[in-house]
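Read through the structure below, which is laid out as C-alpha cells, and then see the notes.
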Amino acid sequence: MSEINKTMDPISPFPSKIVMSGIRPTGMVHLGNYFGAIRNYVKMQEEFECYFMIADLHSLTTHPDTQTLKSNVRRVLAENIACGLDPEKATFFCQSHVYETSELYLYLNMLAYKGELEKTVTFKDKARQHPENVNAGLLTYPVLQTADIILHRASLVPVGKDQEQHLEMARNFVVRFNHRYGNIFPEPHAFNYQQELIKVPGLDGSGKMSKSENNMATLYFADDDDTIRKKVMKAKTDSGPTEMNAPKPDYIENIFMLMKLVCSDDVIRKFEEDYNQCTIRYGDLKKQLGEDMVNFISPIRQKTNDILANDEYLVEVMKKGAQKSRESAQKTMELVRKAMGLNYF
Ligand code: AMP
C-alpha cells in the first residue's frame with residue numbers, strides 16, 4: 001500500500017447500510033420495474049438511508065436522441081412517486097445533476113478491463129439489437145452503474161434479476177479499488193426482500209417485461225383499463241393439461257407467477273386446483289387476472305396523472321434531490337481523491 005494510503009484517515013469500509021438504485025427514463029414504468037425494484041424502494045425508505053435515481057445518463061447509451069428526455073424523466077419521477085416512493089424519506093434525484101458521478105466513472109474505468117466488459121450479457125444483447133451503435137458508453141455501462149452506487153457508499157442495491165451480473169462486476173471493481181487505494185467502499189450487493197431476485201416475465205411466454213422490447217407483452221402503469229384487459233387476454237396459453245398434476249409449461253408457469261403478484265391466495269389456489277384436475281379454463285383465468293391487474297394498476301395511473309399535472313412539484317423534487325445527492329457525492333469524492341493521492345495541496 002502506498003504512503004498516501006497508510007496515512008489516510010481510518011474509515012469504516014462498512015458504514016451503516018446505505019441503499020442505492022436507479023431506473024432509466026427510456027420509456028414507461030411497467031410491472032417488472034415495480035416488482036423487481038420499486039416495491040423494495042418503498043419498503044427500504046422506511047428502514048435505510050436511500051438514494052434513488054432516474055438514470056438519464058445510462059439512457060444515452062441506447063437512446064442518444066434527447067428530444068423526449070424531459071417528458072420521460074418527469075413521467076418516471078411521477079410514476080415512482082405514485083408507486084409510493086417518498087422524496088421526503090429517500091433522496092430521489094436525476095443522475096445528470098450529480099456531476100461527481102462522471103469523475104468517479106473516469107477513475108473506475110482505469111480498473112475495468114475490456115475483456116470482462118465485452119463478456120457482459122447485457123452488452124452482448126444490446127450490441128446485437130443495435131449493431132449500428134455499439135458505443136464505449138454501452139461497453140462501460142457496468143462501470144457507470146458502479147460509480148452511481150458507490151458514490152453514496154451504498155451496499156444494498158434493490159434490483160431485478162437482470163442486474164445480477166452488473167452487481168457482481170461492481171463488487172469486482174470495488175475490491176480492485178480498495179486493494180489499490182485503501183478501504184473506501186463497501187461491497188455492493190443486489191437486494192430483494194423475498195431473497196431471490198425477481199424476473200417478471202412477458203405475457204407472450206418468453207423473455208421479460210421491458211420498457212422497449214414488446215409493447216403487447218408488457219403491462220405499463222400508463223396502460224388504460226381496456227388495454228390491460230386486452231393484453232392479458234392475449235397472453236399465451238394452450239388447450240390445457242391432459243394429465244392430472246402435470247408440470248406446467250413455461251408460459252403457463254409465467255401466468256401463474258403474474259397471478260401471484262396481484263391475485264388473492266384463494267384465486268390462485270382455485271386455479272392451481274383446476275389445473276391439477278385438468279378442469280382449468282384459461283379464458284376464466286385470464287379474465288380474473290385482467291381484472292386484478294386493472295385493480296392494481298389503475299389507481300397508480302390516476303395518481304401519476306395527478307402528479308404530472310403539478311410540474312412545480314416535480315421541479316422541486318428534482319432540485320432537492322440534486323442538492324442532497326451532491327452533498328453525499330462530494331463527501332465521497334473528497335475521500336476518493338485523497339485515497340488516490342490526487343490531493344496536491
Ligand atoms: P430498467 O427499466 O432497465 O431501467 O430497470 C429498472 C429496474 O427494474 C432494475 O432494477 C431492473 O432490474 C428492474 N426490472 C426491469 N425489468 C424487470 C423485469 N421484467 N422483472 C424484474 N425486474 C425488472
Side-chain angles (χ1 to χ4, degrees), residues 19-44 50-63 69 72-73 75-77 79-80 83-85 90 92-96 120-123 125-126 129-130 137-138 141-142 144-146 148-149 154 156-170 188-223 231 235 250-251 253-255 257-258 260-262 293 297:
V19 177
M20 201 283 151
S21 193
I23 183 161
R24 288 171 308 147
T26 47
M28 296 170 296
V29 168
H30 55 77
L31 213 65
N33 295 133
Y34 180 79
F35 285 104
I38 304 171
R39 178 173 60 167
N40 285 337
Y41 300 177
V42 174
K43 222 168 151 186
M44 293 178 99
C50 292
Y51 295 85
F52 298 127
M53 164 188 100
I54 307 297
D56 53 350
L57 299 180
H58 279 288
S59 75
L60 298 177
T61 60
T62 49
H63 293 63
L69 201 53
N72 283 356
V73 164
R75 169 160 284 281
V76 179
L77 275 167
E79 285 178 319
N80 274 271
C83 287
L85 195 157
F92 191 29
F93 63 100
C94 291
Q95 187 182 25
S96 61
T120 316
V121 173
T122 47
F123 171 71
D125 283 349
K126 289 196 171 129
Q129 288 159 11
H130 301 281
L138 195 61
Y141 190 110
L144 180 56
Q145 188 174 9
T146 306
D148 297 322
I149 296 166
L156 299 179
V157 188
V159 283
K161 192 156 179 56
D162 57 329
Q163 295 295 317
E164 211 166 24
Q165 189 185 24
H166 288 184
L167 264 294
E168 212 177 291
M169 295 174 81
H189 288 268
F191 180 88
N192 180 25
Y193 277 105
Q194 277 71 40
Q195 304 289 329
E196 289 269 304
L197 298 183
I198 286 184
K199 176 177 117 177
V200 176
L203 288 162
D204 57 355
S206 70
K208 58 168 187 154
M209 289 201 184
S210 86
K211 292 214 197 76
S212 43
E213 258 152 53
N214 181 350
N215 284 347
M216 277 313 281
T218 297
L219 292 168
Y220 299 99
F221 285 131
D223 284 342
K231 285 184 179 178
D250 284 353
Y251 49 92
E253 196 68 76
N254 285 351
I255 294 190
M257 185 200 166
L258 292 171
K260 285 185 191 133
L261 301 177
V262 293
M293 282 293 177
I297 291 172

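Counting starts at 1 for both ligands and their atoms, in listed order.
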Under 4.0 Å from ligand 1 - residues by heavy atom, chain and number | Gly22, Ile23, Arg24, His30, Gly32, Asn33, Gly36, Ala37, Val159, Gly160, Asp162, Gln163, Ile198, Lys199, Val200, Lys208, Met209, Lys211
Output all residues satisfying side-chain hydrogen bond (donor to acceptor under 3.5 Å, both in side chains) with Lys199, sequence neighbours left out; order by chain, then residue number.
-> none
Indicate yes or no: at least one non-hydrogen side-chain atom of Leu258 is less than 4.5 angstrom from one of Val200.
-> yes
Over 12 non-hydrogen atoms of neighbours within 6.0 angstrom of CG in Asp125 | yes
Any donor-acceptor pair under 3.5 Å from Tyr51 side chain to Gly22 backbone | no
What pairs of donor and acceptor atoms, side-chain ones from residues 34-41 against any protein atom, are under 3.5 angstrom apart with sequence neighbours left out?
{"from": "Arg39", "atom 1": "NH2", "to": "Gln194", "atom 2": "OE1", "distance (Å)": "3.4"}
{"from": "Asn40", "atom 1": "ND2", "to": "Asn192", "atom 2": "OD1", "distance (Å)": "2.8"}
{"from": "Tyr41", "atom 1": "OH", "to": "Ser21", "atom 2": "OG", "distance (Å)": "3.3"}

Could I get the full list of ring-ring contact (aromatic ring centres under 6.0 Å, His included) partners for His63, not counting sequence neighbours?
-> none
